[in-house]
Each structure stands twice: as structure tokens, then as C-alpha cells.
Amino acid sequence: MKSNDFFPRKGRVVYLKDYAGYGQIAIREEIEHNALVRILTIDDVRESATFIEDEKHYDLYFKYTRDLVAPLEKKPDIKDVLLLGGAGFSIPKYIISHYPEVHIDVVELKREMYELAMDYFYLDQLYAEYNLHEDNRMDVYILDANDYIYETKKKYDLIINDAYIGNNMDDDLVKDARVKQMKKLLNPNGVYIINLITAVKGPSSMPGILEWEILKNNYKNTDMFPVKKEAGALEKQNVILTATDGPWVPVR
């Protein structure tokens with residue numbers, strides 16, 4: 001962004017459109033934490049974000065996304081990653097730019113999301129800078145993740161489940177049958193990690209408790225922790241769940 005660009009104190013909307021069966025998609029440019037950021041929302045729920053500053057296009061803005069990629073820092077043997085839910089492609093941008101030996105497959109339900117990532121979230125820049133049309137480091141599938149996990153023959157070292165539309169997760173993907181199927185896609189010692197919006201305690205904690213029980217029934221080692229440690233236990237927030245049959249490496 002040029003220094004002489006007009007930037008309202010409350011930010012500005014650069015894209016706004018209603019999608020049938022999806023909701024109102026908006027892209028806003030804001031000043032937050034002394035940084036210029038572009039944020040994608042669905043029905044006013046934050047879905048993805050990117051820094052606008054040139055040198056930070058591939059950095060991760062939301063803490064929960066940094067937690068989701070933490071296994072890459074802890075386990076250098078991770079070479080093949082599956083991401084369910086692309087949105088603004090912040091995680092693929094980070095992995096491609098920071099882990100040159102890693103290949104990532106991205107499954108995104110809506111082609112519109114992929115196009116918005118290209119137009120507004122610097123995905124086109126990533127393709128050009130890392131020659132992704134020629135260098136086989138990222139494959140994108142416009143497909144329901146529930147179909148992909150049964151159709152693919154690939155194996156992965158890390159599966160990241162971040163399949164959300166606004167605050168609504170794809171509930172089918174976290175059921176026992178799907179968890180069992182995704183485990184079949186993991187290499188030995190592979191890691192499955194989920195972003196789940198839930199509370200830690202109280203009535204709103206049920207999604208997290210149920211999913212943790214499913215993971216414990218299917219994996220030798222599991223963990224669950226809230227992204228915002230300062231939040232109250234009854235408050236719904238991003239909670240990270242991890243599971244593996246391999247040696248446990250804490251990711252928090």
C-alpha cells in the first residue's frame with residue numbers, strides 16, 4: 001500500500017458479495033496491532049487474514065494458524081501435508097515460503113475462495129515467486145473434503161483440519177468414521193491436528209470433549225489446548241486438538 005493511499009480509521013471494505021449457501025463474503029482492510037491487514041469474513045466471522053506489508057505477505061496473522069503449523073517446527077521429518085479448508089490460503093503460503101522441502105495438498109470446497117485468495121491474499125504472488133505452476137510443491141483440489149479423504153491414494157505426515165464456513169465447522173469431518181478414514185491417510189508417526197471452536201468447560205465445551213474422546217479412541221497420543229490462554233474456560237474460542245500414534249511431541 002502506498003503511503004498516500006487514503007485509509008479510514010475504521011478500515012475499508014474492498015470486496016463484498018453474497019454467495020448462495022455460503023453467506024456474505026467481505027474483505028476488509030484494517031489497522032490492527034500497528035499492522036495493516038486484509039481480513040476475509042463470512043457473515044462477519046473472521047475466516048482468514050494477511051498482512052498487507054510487502055515483506056509480510058506470507059506470515060501468519062492469527063495465532064491459531066501458527067498453532068496449526070507447529071508440528072512442522074517440532075518434527076522435521078514432515079514432508080507431505082494435507083490441509084482441509086483453504087480459505088485465504090494463509091497456511092499454504094506460510095508452508096511454501098518457510099519449508100522448502102514440504103509438499104502441501106489443499107482441499108477447498110469453493111472455487112470462489114481460491115479465486116479470492118489469488119486476487120486479494122497474494123496467492124498469485126506465491127505461485128510466481130516459487131514457480132508453483134512448474135514446481136510440484138502444492139496441489140489444490142476444489143472438492144468436498146469428505147469426498148477427497150475417500151478418493152485420494154496419497155499418504156501424509158501431517159493432516160490439518162481447518163474446514164470452516166464462518167463459525168460452522170464441517171461436522172461430518174470430525175465424526176468417528178471420518179477420523180478413522182483420515183488416520184488411514186497418515187504415514188507411520190503422522191500427526192492429525194484440528195482447529196475446533198469450543199469452550200474448555202461448561203455447556204459449550206461439548207464439541208471439544210466429544211472430539212477429544214473420538215481421538216483418544218483412535219490414537220495412542222492426544223492433546224487439547226486453548227489458543228487464548230487468557231480467555232475464560234466457559235468462553236468459546238479456537239481450541240487445538242492433536243493426535244498421533246508416533247512418539248509424542250508437544251506442539252504448544
dist Lys110:NZ -> Glu108:CD (nearest 0.5 Å) comes out at 9.5 Å

Do the side chain of Arg178 and the main chain of Asn146 share a donor and acceptor less than 3.5 angstrom apart? no

Flag the pair Phe51 / Tyr61 as yes when their ring centroid distance falls below 6.0 Å, and as no otherwise. yes

Any salt bridge between Glu30 and Arg38, counting N to O under 4.0 Å? no

For the residue pair Val174 and Ile214, what are the closest heavy atoms and their distance? O-CD1, 3.5 Å

Closest heavy-atom pair and its distance - Phe62, Ser48: CE1-C, 3.7 Å

Hey, which of Arg46, Arg28, Glu47 is the one that makes side-chain hydrogen bond (donor to acceptor under 3.5 Å, both in side chains) with Thr41? Arg28

Closest non-hydrogen atoms of Pro226 and Gln237, given as atom of the first, atom of the second and distance, are CB-NE2, 3.3 Å

Contact between Glu235 and Lys228 at the side-chain level, heavy atoms closer than 4.5 Å - yes or no? yes

Check: Glu32 side chain, Val37 main-chain N or O, donor-acceptor pair, under 3.5 Å: no

Between Asn218 and Asp245, which heavy-atom pair has the shortest distance, and what is it? O-OD1, 4.1 Å

Residue pair Asp105 / Tyr156, side-chain heavy-atom distance below 4.5 Å: yes

Using modelled atom types only, decide if a donor and an acceptor are shared between the side chain of Thr152 and the backbone of Tyr148 within a distance under 3.5 Å. no

Quick check for you: to the nearest 0.5 Å, what is the distance between Asn189 atom CG and Leu158 atom CG? 13.0 Å

Is there a donor-acceptor pair closer than 3.5 Å between any side-chain N or O of Thr50 and the backbone N or O of His57? yes

Just checking, Lys183 and Tyr219: is the charged tip under 6.0 Å from the six-membered ring centre and within 45° of the axis? yes

Shortest non-hydrogen contact from Pro92 to Met138? CB-SD, 3.8 Å

Ignoring hydrogens and angles, tell me if any N or O in the side chain of Asp80 forms a donor-acceptor pair with the backbone of Asp157 under 3.5 Å. no

Any link between Val45 and Leu16 through a network of hydrophobic side chains (Ile, Leu, Val, Met, Phe, Trp, Tyr) touching at under 4.5 Å? no

Using modelled atom types only, decide if a donor and an acceptor are shared between the side chain of Ser205 and the backbone of Thr198 within a distance under 3.5 Å. no

Is there a side-chain contact between Tyr58 and Leu126 in this structure, where contact means two heavy atoms from C-beta onward sitting under 4.5 Å apart? yes

If only atom types and distance count, is the side chain of Glu53 paired as donor or acceptor with the main-chain N or O of Glu55 below 3.5 Å? no

Keeping Asp162 on the side-chain end and Asn195 on the backbone end, is there a donor-acceptor pair under 3.5 Å? no

Using modelled atom types and a 3.5 Å cut-off, is there a donor and acceptor pairing between side-chain atoms of Gln181 and backbone atoms of Ile149? yes

Main-chain N/O of Asn221 paired to Thr244 side chain as donor or acceptor, under 3.5 Å: no

To the nearest 0.5 Å, how far apart are NZ in Lys93 and CD in Glu129? 11.5 Å

Quick check: closest heavy atoms across Leu196 and Pro207, and the distance to 0.1 Å? CD2-O, 3.6 Å

Determine whether Tyr127 and Met118 make a side-chain contact, defined as any pair of heavy atoms from C-beta on separated by less than 4.5 Å. yes

Would Val200 end up clustered with Trp212 when hydrophobic side chains under 4.5 Å apart are linked, directly or stepwise? no

